[in-house]
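Reviewing the structure listed below.
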Amino acid sequence: MMKIKEVATKLNTTQRTIRFYEEKGLIQPDKGDNDYRYYTEQHLWKLQTILSLREVGMSTAQIKKTLMSEEEVGRYLNMQRSALYEEWLEIKDMIGTIDQMIEKNEDQELVKEDIFALADQLKTLKEKRKGWQDQWNFDSQARGYDESLKMNGYRFNVHENYEDALAKAIESIRPLKGEKGVDIGTGTGNLGSKCLPLGAHVIGVDQSEEMLKVCKEKHPDIDVRNGHFLALPVMDGEADFITTSYALHHVTEQEKELALREMDRILKPKGRIAIVDLMFANAHDRARVIKGFEEEGNQEALYAIEDEFYADRSNLVEWFKQLGYTVHTHSFNDILHMVYAEK
DNA sequence: TTTCTTACA
DNA sequence: TGTAAGAA
(Lines give C-alpha, C1' and ligand atoms only; values in the text may rest on other atoms or scores of the structure.)
Protein backbone atom coordinates (compact mmCIF):
# COMPACT_ATOMS: atom_id res chain seq x y z
CA MET A 1 0.00 0.00 0.00
CA MET A 2 1.48 3.27 -1.13
CA LYS A 3 0.51 6.75 -0.11
CA ILE A 4 -0.15 9.41 -2.66
CA LYS A 5 3.23 11.08 -2.60
CA GLU A 6 5.03 7.86 -3.36
CA VAL A 7 2.64 7.11 -6.18
CA ALA A 8 3.06 10.56 -7.64
CA THR A 9 6.83 10.41 -7.72
CA LYS A 10 6.78 6.88 -9.01
CA LEU A 11 4.49 7.77 -11.88
CA ASN A 12 6.12 11.09 -12.48
CA THR A 13 3.07 13.24 -11.81
CA THR A 14 1.67 15.36 -9.04
CA GLN A 15 -0.62 14.53 -6.18
CA ARG A 16 -3.10 17.04 -7.48
CA THR A 17 -3.37 15.19 -10.74
CA ILE A 18 -4.02 11.89 -9.05
CA ARG A 19 -6.72 13.39 -6.85
CA PHE A 20 -8.18 15.08 -9.89
CA TYR A 21 -8.59 11.74 -11.65
CA GLU A 22 -10.33 10.42 -8.59
CA GLU A 23 -12.62 13.43 -8.63
CA LYS A 24 -13.49 12.57 -12.22
CA GLY A 25 -14.29 9.03 -11.18
CA LEU A 26 -11.40 7.32 -12.94
CA ILE A 27 -9.97 5.60 -9.88
CA GLN A 28 -11.02 4.83 -6.34
CA PRO A 29 -8.16 4.19 -3.94
CA ASP A 30 -8.81 2.75 -0.51
CA LYS A 31 -9.04 5.27 2.28
CA GLY A 32 -7.64 4.68 5.78
CA ASP A 33 -9.01 5.93 9.07
CA ASN A 34 -6.94 9.09 8.73
CA ASP A 35 -8.60 9.74 5.39
CA TYR A 36 -5.30 9.09 3.65
CA ARG A 37 -5.46 7.46 0.21
CA TYR A 38 -3.74 4.12 -0.17
CA TYR A 39 -2.87 2.66 -3.55
CA THR A 40 -2.29 -0.94 -4.56
CA GLU A 41 -0.42 -2.32 -7.57
CA GLN A 42 -3.68 -2.49 -9.49
CA HIS A 43 -4.26 1.18 -8.82
CA LEU A 44 -0.80 1.95 -10.09
CA TRP A 45 -1.42 0.11 -13.32
CA LYS A 46 -4.69 1.85 -13.82
CA LEU A 47 -3.15 5.23 -13.15
CA GLN A 48 -0.38 4.42 -15.56
CA THR A 49 -2.83 3.73 -18.36
CA ILE A 50 -4.82 6.85 -17.51
CA LEU A 51 -1.64 8.89 -17.74
CA SER A 52 -0.71 7.24 -21.02
CA LEU A 53 -4.07 7.90 -22.61
CA ARG A 54 -3.95 11.46 -21.33
CA GLU A 55 -0.54 11.83 -22.93
CA VAL A 56 -2.00 11.18 -26.38
CA GLY A 57 -4.65 13.78 -25.80
CA MET A 58 -7.65 11.76 -24.70
CA SER A 59 -10.00 13.63 -22.39
CA THR A 60 -10.75 12.32 -18.91
CA ALA A 61 -14.32 11.69 -20.00
CA GLN A 62 -13.18 9.51 -22.91
CA ILE A 63 -10.72 7.71 -20.70
CA LYS A 64 -13.49 6.93 -18.27
CA LYS A 65 -15.56 5.33 -21.01
CA THR A 66 -12.55 3.42 -22.27
CA LEU A 67 -11.74 2.07 -18.83
CA MET A 68 -15.29 0.99 -18.18
CA SER A 69 -15.75 -0.88 -21.44
CA GLU A 70 -12.52 -2.79 -20.78
CA GLU A 71 -12.45 -4.69 -24.09
CA GLU A 72 -12.14 -1.87 -26.54
CA VAL A 73 -9.10 0.19 -25.74
CA GLY A 74 -7.99 -0.28 -29.32
CA ARG A 75 -11.13 1.30 -30.64
CA TYR A 76 -10.66 4.43 -28.57
CA LEU A 77 -7.03 4.70 -29.51
CA ASN A 78 -8.13 4.49 -33.11
CA MET A 79 -10.62 7.30 -32.63
CA GLN A 80 -8.03 9.37 -30.86
CA ARG A 81 -5.62 8.92 -33.73
CA SER A 82 -8.24 10.20 -36.15
CA ALA A 83 -8.90 13.21 -33.97
CA LEU A 84 -5.21 14.01 -33.90
CA TYR A 85 -4.94 13.66 -37.66
CA GLU A 86 -7.77 16.13 -38.06
CA GLU A 87 -6.06 18.60 -35.77
CA TRP A 88 -2.81 18.11 -37.61
CA LEU A 89 -4.46 18.78 -40.95
CA GLU A 90 -6.13 21.87 -39.59
CA ILE A 91 -2.80 23.21 -38.40
CA LYS A 92 -1.24 22.44 -41.75
CA ASP A 93 -4.02 24.38 -43.44
CA MET A 94 -3.43 27.30 -41.12
CA ILE A 95 0.30 27.34 -41.75
CA GLY A 96 -0.35 27.16 -45.47
CA THR A 97 -2.58 30.20 -45.51
CA ILE A 98 -0.31 32.13 -43.18
CA ASP A 99 2.48 31.54 -45.66
CA GLN A 100 0.30 32.94 -48.40
CA MET A 101 -0.65 35.93 -46.28
CA ILE A 102 2.97 36.71 -45.57
CA GLU A 103 3.79 36.43 -49.23
CA LYS A 104 0.96 38.76 -50.20
CA ASN A 105 2.00 41.16 -47.52
CA GLU A 106 5.57 41.33 -48.75
CA ASP A 107 4.68 41.66 -52.41
CA GLN A 108 2.32 44.58 -52.53
CA GLU A 109 1.18 47.16 -50.05
CA LEU A 110 -2.54 47.49 -49.61
CA VAL A 111 -3.71 43.92 -49.64
CA LYS A 112 -6.07 43.68 -46.72
CA GLU A 113 -8.74 42.27 -48.98
CA ASP A 114 -6.47 39.48 -50.10
CA ILE A 115 -5.72 38.58 -46.52
CA PHE A 116 -9.38 38.63 -45.61
CA ALA A 117 -10.13 36.43 -48.57
CA LEU A 118 -7.47 33.96 -47.54
CA ALA A 119 -8.82 33.86 -44.01
CA ASP A 120 -12.27 33.26 -45.34
CA GLN A 121 -11.04 30.51 -47.59
CA LEU A 122 -9.36 28.87 -44.63
CA LYS A 123 -12.52 29.10 -42.62
CA THR A 124 -14.57 27.26 -45.20
CA LEU A 125 -11.81 24.71 -45.58
CA LYS A 126 -11.88 24.03 -41.86
CA GLU A 127 -15.63 23.73 -41.91
CA LYS A 128 -15.51 21.24 -44.74
CA ARG A 129 -12.93 19.10 -42.99
CA LYS A 130 -14.92 19.03 -39.77
CA GLY A 131 -18.39 19.22 -41.19
CA TRP A 132 -18.37 15.71 -42.48
CA GLN A 133 -21.41 13.87 -41.32
CA ASP A 134 -22.91 10.52 -42.00
CA GLN A 135 -26.15 11.46 -43.69
CA TRP A 136 -26.89 7.91 -44.60
CA ASN A 137 -26.32 6.41 -41.17
CA PHE A 138 -23.90 3.68 -42.10
CA ASP A 139 -23.48 2.71 -38.48
CA SER A 140 -26.91 1.18 -38.53
CA GLN A 141 -26.46 -0.29 -42.00
CA ALA A 142 -23.21 -2.02 -41.19
CA ARG A 143 -24.53 -5.39 -40.12
CA GLY A 144 -26.70 -6.02 -43.12
CA TYR A 145 -24.53 -4.25 -45.65
CA ASP A 146 -23.21 -7.23 -47.57
CA GLU A 147 -26.65 -8.78 -47.71
CA SER A 148 -28.20 -5.64 -49.09
CA LEU A 149 -25.54 -5.59 -51.79
CA LYS A 150 -26.85 -8.84 -53.15
CA MET A 151 -30.37 -7.60 -53.39
CA ASN A 152 -31.19 -5.66 -56.46
CA GLY A 153 -33.21 -2.52 -56.33
CA TYR A 154 -36.70 -2.81 -57.65
CA ARG A 155 -36.17 -0.76 -60.77
CA PHE A 156 -32.73 0.61 -60.14
CA ASN A 157 -29.80 -1.59 -59.35
CA VAL A 158 -26.79 0.50 -58.37
CA HIS A 159 -24.77 -2.63 -57.77
CA GLU A 160 -24.97 -3.95 -61.27
CA ASN A 161 -21.44 -4.92 -62.40
CA TYR A 162 -20.28 -4.53 -58.80
CA GLU A 163 -17.84 -7.43 -58.83
CA ASP A 164 -16.58 -6.59 -62.32
CA ALA A 165 -15.82 -3.08 -61.15
CA LEU A 166 -13.92 -4.19 -58.07
CA ALA A 167 -11.93 -6.67 -60.13
CA LYS A 168 -11.12 -4.01 -62.68
CA ALA A 169 -9.87 -1.66 -59.98
CA ILE A 170 -7.48 -4.26 -58.59
CA GLU A 171 -6.36 -5.21 -62.07
CA SER A 172 -5.54 -1.57 -62.82
CA ILE A 173 -3.76 -0.89 -59.56
CA ARG A 174 -1.73 -4.10 -59.60
CA PRO A 175 -0.82 -4.06 -55.90
CA LEU A 176 2.67 -5.38 -55.26
CA LYS A 177 3.98 -7.38 -52.37
CA GLY A 178 4.94 -5.13 -49.48
CA GLU A 179 3.19 -2.06 -50.82
CA LYS A 180 0.95 0.04 -48.66
CA GLY A 181 -2.53 0.74 -49.95
CA VAL A 182 -5.32 2.86 -48.57
CA ASP A 183 -8.91 1.90 -49.25
CA ILE A 184 -11.15 4.86 -48.58
CA GLY A 185 -14.71 4.22 -47.47
CA THR A 186 -13.73 0.62 -47.09
CA GLY A 187 -17.07 -0.38 -45.57
CA THR A 188 -16.93 -4.10 -44.95
CA GLY A 189 -13.66 -4.35 -46.84
CA ASN A 190 -14.91 -5.83 -50.09
CA LEU A 191 -12.40 -3.99 -52.26
CA GLY A 192 -9.52 -3.53 -49.85
CA SER A 193 -9.40 -7.21 -48.94
CA LYS A 194 -8.65 -8.12 -52.55
CA CYS A 195 -5.20 -6.59 -52.13
CA LEU A 196 -4.29 -8.77 -49.17
CA PRO A 197 -3.59 -12.02 -51.08
CA LEU A 198 -1.19 -10.06 -53.27
CA GLY A 199 0.90 -9.25 -50.23
CA ALA A 200 0.01 -5.59 -49.83
CA HIS A 201 -0.60 -3.90 -46.52
CA VAL A 202 -4.09 -2.44 -46.57
CA ILE A 203 -5.30 0.49 -44.51
CA GLY A 204 -9.09 0.55 -44.56
CA VAL A 205 -10.55 3.96 -43.82
CA ASP A 206 -14.19 4.47 -42.95
CA GLN A 207 -16.10 7.00 -40.94
CA SER A 208 -18.47 4.40 -39.54
CA GLU A 209 -17.34 2.61 -36.40
CA GLU A 210 -19.74 -0.20 -37.00
CA MET A 211 -18.55 -0.74 -40.56
CA LEU A 212 -14.99 -0.95 -39.29
CA LYS A 213 -15.99 -3.47 -36.70
CA VAL A 214 -17.64 -5.67 -39.31
CA CYS A 215 -14.68 -5.18 -41.62
CA LYS A 216 -12.25 -6.26 -38.95
CA GLU A 217 -14.28 -9.36 -38.27
CA LYS A 218 -14.33 -10.30 -41.95
CA HIS A 219 -10.75 -9.33 -42.67
CA PRO A 220 -8.54 -9.31 -39.55
CA ASP A 221 -5.50 -8.35 -41.65
CA ILE A 222 -6.90 -5.03 -42.77
CA ASP A 223 -5.50 -2.13 -40.77
CA VAL A 224 -8.76 -0.44 -40.00
CA ARG A 225 -8.89 3.31 -39.22
CA ASN A 226 -11.50 5.95 -38.49
CA GLY A 227 -11.48 8.72 -41.04
CA HIS A 228 -13.01 10.11 -44.20
CA PHE A 229 -12.23 11.60 -47.59
CA LEU A 230 -11.46 15.06 -46.28
CA ALA A 231 -9.23 13.95 -43.43
CA LEU A 232 -7.37 10.74 -44.13
CA PRO A 233 -5.62 9.23 -41.10
CA VAL A 234 -2.42 8.70 -43.06
CA MET A 235 0.84 10.64 -43.24
CA ASP A 236 1.99 12.57 -46.31
CA GLY A 237 3.36 10.37 -49.07
CA GLU A 238 2.74 7.19 -47.15
CA ALA A 239 0.60 5.32 -49.67
CA ASP A 240 1.75 3.41 -52.72
CA PHE A 241 -1.78 3.23 -53.99
CA ILE A 242 -5.31 4.28 -53.14
CA THR A 243 -8.54 2.50 -53.92
CA THR A 244 -12.09 3.54 -53.26
CA SER A 245 -15.37 2.08 -54.36
CA TYR A 246 -18.91 3.26 -53.93
CA ALA A 247 -17.89 6.00 -51.58
CA LEU A 248 -17.03 9.22 -53.39
CA HIS A 249 -20.67 9.88 -54.14
CA HIS A 250 -21.20 10.57 -50.45
CA VAL A 251 -19.19 13.74 -50.80
CA THR A 252 -20.56 16.85 -52.51
CA GLU A 253 -19.17 17.92 -55.85
CA GLN A 254 -17.35 20.83 -54.20
CA GLU A 255 -15.80 18.57 -51.61
CA LYS A 256 -14.68 16.10 -54.24
CA GLU A 257 -11.92 18.42 -55.37
CA LEU A 258 -10.66 18.69 -51.81
CA ALA A 259 -10.96 14.91 -51.53
CA LEU A 260 -8.70 14.46 -54.54
CA ARG A 261 -6.15 16.81 -53.05
CA GLU A 262 -6.27 14.85 -49.84
CA MET A 263 -5.56 11.66 -51.77
CA ASP A 264 -2.72 13.44 -53.51
CA ARG A 265 -1.29 14.40 -50.14
CA ILE A 266 -0.92 10.86 -48.86
CA LEU A 267 0.19 9.33 -52.15
CA LYS A 268 3.83 8.66 -52.95
CA PRO A 269 5.34 9.93 -56.21
CA LYS A 270 4.43 7.40 -58.93
CA GLY A 271 1.52 6.29 -56.77
CA ARG A 272 -1.73 5.01 -58.27
CA ILE A 273 -5.36 5.76 -57.57
CA ALA A 274 -8.43 3.82 -58.64
CA ILE A 275 -11.85 5.32 -58.03
CA VAL A 276 -14.81 3.12 -58.76
CA ASP A 277 -18.11 4.79 -58.18
CA LEU A 278 -21.52 5.84 -59.31
CA MET A 279 -20.96 8.81 -61.58
CA PHE A 280 -21.74 10.21 -64.98
CA ALA A 281 -19.23 10.50 -67.79
CA ASN A 282 -19.92 14.21 -68.12
CA ALA A 283 -22.67 16.80 -67.83
CA HIS A 284 -24.26 15.84 -71.15
CA ASP A 285 -24.33 12.23 -70.26
CA ARG A 286 -25.82 13.01 -66.91
CA ALA A 287 -28.68 14.86 -68.61
CA ARG A 288 -29.10 12.04 -71.11
CA VAL A 289 -29.27 9.28 -68.50
CA ILE A 290 -31.59 11.21 -66.23
CA LYS A 291 -33.85 11.97 -69.15
CA GLY A 292 -33.98 8.29 -69.90
CA PHE A 293 -35.09 7.49 -66.36
CA GLU A 294 -37.69 10.24 -66.54
CA GLU A 295 -39.09 8.87 -69.75
CA GLU A 296 -39.48 5.41 -68.33
CA GLY A 297 -40.93 6.88 -65.15
CA ASN A 298 -38.26 5.35 -62.97
CA GLN A 299 -38.76 7.36 -59.80
CA GLU A 300 -36.59 5.02 -57.79
CA ALA A 301 -33.58 5.84 -59.92
CA LEU A 302 -34.29 9.55 -59.98
CA TYR A 303 -34.65 9.67 -56.24
CA ALA A 304 -31.44 7.75 -55.66
CA ILE A 305 -29.52 10.06 -57.95
CA GLU A 306 -30.92 13.13 -56.32
CA ASP A 307 -30.20 11.90 -52.81
CA GLU A 308 -26.49 11.44 -53.35
CA PHE A 309 -23.70 13.19 -55.20
CA TYR A 310 -22.85 11.27 -58.34
CA ALA A 311 -19.66 12.73 -59.71
CA ASP A 312 -19.09 14.28 -63.08
CA ARG A 313 -16.28 12.06 -64.32
CA SER A 314 -14.86 14.74 -66.58
CA ASN A 315 -14.35 16.97 -63.56
CA LEU A 316 -12.44 14.27 -61.72
CA VAL A 317 -10.25 13.73 -64.74
CA GLU A 318 -9.64 17.45 -65.08
CA TRP A 319 -8.70 17.86 -61.41
CA PHE A 320 -6.31 14.94 -61.55
CA LYS A 321 -4.67 16.38 -64.64
CA GLN A 322 -4.24 19.70 -62.89
CA LEU A 323 -2.43 17.86 -60.12
CA GLY A 324 -0.13 16.37 -62.71
CA TYR A 325 -1.61 12.90 -63.03
CA THR A 326 -1.96 10.65 -66.02
CA VAL A 327 -5.58 9.56 -66.15
CA HIS A 328 -7.54 6.69 -67.70
CA THR A 329 -11.23 6.05 -67.48
CA HIS A 330 -13.46 3.06 -67.90
CA SER A 331 -17.24 2.64 -68.02
CA PHE A 332 -19.09 -0.38 -66.73
CA ASN A 333 -22.50 1.02 -67.47
CA ASP A 334 -24.23 4.40 -67.66
CA ILE A 335 -23.73 5.19 -64.00
CA LEU A 336 -20.77 3.07 -62.96
CA HIS A 337 -17.31 4.20 -63.94
CA MET A 338 -13.71 3.96 -62.93
CA VAL A 339 -11.15 6.72 -62.91
CA TYR A 340 -7.58 5.51 -62.75
CA ALA A 341 -4.82 8.04 -62.11
CA GLU A 342 -1.06 7.80 -61.87
CA LYS A 343 1.09 10.42 -60.22
C1' DT B 1 5.45 15.77 8.57
C1' DT B 2 2.06 14.43 5.61
C1' DT B 3 -2.26 14.44 3.56
C1' DC B 4 -6.94 16.35 3.02
C1' DT B 5 -10.36 19.67 1.41
C1' DT B 6 -11.72 23.74 -0.78
C1' DA B 7 -11.28 27.74 -3.45
C1' DC B 8 -9.41 30.04 -7.23
C1' DA B 9 -6.37 31.02 -11.24
C1' DT C 1 -3.93 21.08 -13.50
C1' DG C 2 -1.04 24.39 -10.37
C1' DT C 3 -1.08 27.00 -6.12
C1' DA C 4 -2.44 28.42 -1.60
C1' DA C 5 -4.37 28.10 3.02
C1' DG C 6 -6.39 26.12 7.09
C1' DA C 7 -7.44 21.73 9.43
C1' DA C 8 -6.77 16.95 10.96
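Predicted, not measured: the structure shown is a model, and the values here were computed from it. Every chain is numbered from 1 and lettered A, B, ... according to where its sequence line falls, protein lines coming before strand lines. Because only heavy atoms are used, hydrogens play no part in the values below, and waters and symmetry mates are left out as well, while side chains stay in.
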Problem - Selected nucleotide, minimal atom distance to A:Asp35 side chain, candidates C:dG2, B:dT2, B:dT5 - result: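 Shortest atom-to-atom distance from the side chain points to B:dT5.
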Exercise for the section: Would you indicate which nucleotide in B:dT3, B:dC4, C:dT1 comes nearest to any side-chain atom of A:Arg54? Expected result: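 Among B:dT3, B:dC4, C:dT1, the one nearest the side chain of A:Arg54 is C:dT1.
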Handout entry: Donor-acceptor pair between A:Thr66 and A:Arg75 side chains, under 3.5 angstrom
Key =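 No, no side-chain donor-acceptor pair sits under 3.5 Å.
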May I ask you to say what [X] touches in the nucleic acid, namely base, sugar-phosphate or nothing, with a heavy-atom cut-off under 4.0 Å?
X: A:Tyr38; result: nothing
X: A:Lys24; result: nothing
X: A:Arg19; result: base

Practice task
Consider only side-chain heavy atoms of I, L, V, M, F, W and Y, link residues closer than 4.5 Å, and tell whether A:Tyr36 and A:Leu11 are in one cluster.
Solution key: no
Please state how far atom [atom1] in [X] lies from atom [atom2] in [N], giving the value in whole angstrom units.
X: A:Glu22; N: B:dT6; atom1: CD; atom2: C1'; answer: 15 Å
X: A:Asn12; N: C:dT1; atom1: CG; atom2: P; answer: 13 Å
X: A:Gln15; N: C:dA4; atom1: CD; atom2: C1'; answer: 14 Å
X: A:Ile4; N: B:dC4; atom1: CD1; atom2: C1'; answer: 9 Å
X: A:Leu47; N: C:dT1; atom1: CG; atom2: P; answer: 11 Å
X: A:Glu23; N: C:dG2; atom1: CD; atom2: P; answer: 14 Å
X: A:Met2; N: B:dT2; atom1: CE; atom2: C1'; answer: 17 Å
X: A:Asp30; N: B:dC4; atom1: CG; atom2: P; answer: 13 Å

Problem - Comparing A:Arg16 and A:Tyr39 on DNA chain B - which has the more 5′ nearest nucleotide - result: A:Tyr39
Exercise for the section: May I ask you to evaluate whether A:Lys5 reaches the phosphate of B:dC4, defined as a side-chain N or O under 4.0 Å from OP1 or OP2? Expected result: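 Checking A:Lys5 against B:dC4: no side-chain N or O falls below 4.0 Å of OP1 or OP2.
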Exercise for the section: May I ask you to evaluate whether A:Arg37 reaches the phosphate of B:dT3, defined as a side-chain N or O under 4.0 Å from OP1 or OP2? Expected result: no
Problem - Test item: A:Lys270 and A:Asp240 side chains (from C-beta on) under 4.5 Å apart, heavy atoms - result: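 They are not in contact (no side-chain heavy atoms under 4.5 Å apart), so the answer is no.
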Exercise for the section: Could you check if a side-chain atom of A:Lys256 sits within less than 4.5 angstrom of a side-chain atom of A:Asn315, using non-hydrogen atoms only? Expected result: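 No, too far: nothing below the 4.5 Å cut-off.
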Handout entry: Cationic tip of A:Lys321 above A:Trp319 ring, under 6.0 Å, 45° of axis
Key = no
Exercise for the section: Could you say whether A:Thr17 or A:Tyr36 is positioned toward the 5' end of DNA chain C, judged by the nucleotide with the nearest heavy atom to each? Expected result: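 Nearest-nucleotide comparison on DNA chain C picks A:Thr17.
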